[in-house]
Amino acid sequence: MSDKPHTLDRLWSTIEDRRGADPDESWTARLLSKGPEKCAEKFGEEAIEALIEAVKGDTDALTREGADVLYHFCIMLASRGVTLKDVLSELDRRHGTSGVAEKAARKH
């Protein structure tokens with residue numbers, strides 16, 4: 001087993017490292033400096049681009065857009081103080097639960 005951190009862990013670490021960087025030098029710092037609303041907007045734009053590639057069936061483009069979606073999702077989380085660990089913990093909590101049952105439980 002490799003001691004190398006998971007790709008998403010490395011991405012999250014990079015985002016945290018660049019949080020205080022110069023916005024003229026770092027895209028991550030630039031996005032975060034524009035606030036949570038702009039980060040959410042950018043995530044939405046990237047998600048739409050991924051949807052378009054999925055519908056078109058261009059798997060190479062979808063792969064690239066998928067990477068953009070994951071990056072911008074993490075930026076959006078960071079902009080609101082939600083960590084990747086928080087999201088992964090929620091996924092772990094849901095593991096083994098039927099999606100239908102989980103969704104029904106949220107309605108109550």
S.K.: If I take atom OG from residue Ser26 and atom CZ from residue Arg19, how far apart are they, to the nearest 0.5 angstrom?
M.R.: 11.5 Å
S.K.: Please test Leu31 against His72 for side chain to side chain contact (heavy atoms under 4.5 Å, CB included), starting from the C-alpha separation and ending with a verdict.
M.R.: CA-CA 9 Å; Leu31 283 173; His72 286 92; 3.8 Å; yes
S.K.: Could you go step by step and tell me if Val87 and Leu77 meet the side chain to side chain contact (heavy atoms under 4.5 Å, CB included) rule?
M.R.: CA-CA 9 Å; Val87 174; Leu77 292 175; 3.7 Å; yes
S.K.: Roughly how far, to the nearest 0.5 Å, is the CG atom of Asp24 from the CZ atom of Arg30?
M.R.: 6.0 Å
S.K.: Roughly how far, to the nearest 0.5 Å, is the NZ atom of Lys85 from the CG atom of Leu8?
M.R.: 15.0 Å
S.K.: I'd like to check the side chain to side chain contact (heavy atoms under 4.5 Å, CB included) partners of Ala47; sequence neighbours left out, ordered by chain and number.
M.R.: none
S.K.: Is there side-chain contact between Ile75 and Phe43, with at least one heavy-atom pair below 4.5 Å?
M.R.: no
S.K.: Is there a donor-acceptor contact under 3.5 Å linking the side chains of Asp92 and Ser89?
M.R.: no
S.K.: Working to the nearest 0.5 angstrom, can you tell me the gap between Trp12 CH2 and Leu88 CG?
M.R.: 10.0 Å
S.K.: Side chain to side chain contact (heavy atoms under 4.5 Å, CB included), that's the test. Do Thr28 and Thr14 meet it? Break it down for me.
M.R.: CA-CA 9 Å; Thr28 298; Thr14 299; 5.6 Å; no
S.K.: Determine whether Asp58 and Asp60 satisfy the following criterion, side chain to side chain contact (heavy atoms under 4.5 Å, CB included), listing intermediate values before the conclusion.
M.R.: CA-CA 6 Å; Asp58 185 338; Asp60 290 337; 3.8 Å; yes
S.K.: What's the spacing between Leu51 CG and Lys56 NZ if we round to 0.5 Å?
M.R.: 12.5 Å
S.K.: Which atoms form the tightest heavy-atom contact between Cys74 and Leu84, and what is the distance?
M.R.: SG-CD1, 4.3 Å
S.K.: Would you check, one step at a time, whether the test salt bridge (charged side-chain N to carboxylate O under 4.0 Å, His left out) holds for Arg80 with Glu37?
M.R.: CA-CA 9 Å; Arg80 285 292 186 195; Glu37 293 82 6; 3.4 Å; yes
S.K.: Should Met76 and Val82 count as side-chain neighbours, where that means a heavy-atom distance under 4.5 Å?
M.R.: no
S.K.: Does the side chain of Lys4 come within less than 4.5 Å of Arg10's, by heavy atoms?
M.R.: yes
S.K.: Enter the distance from Thr7:OG1 to Leu70:CG here, rounded to the nearest 0.5 Å.
M.R.: 10.0 Å
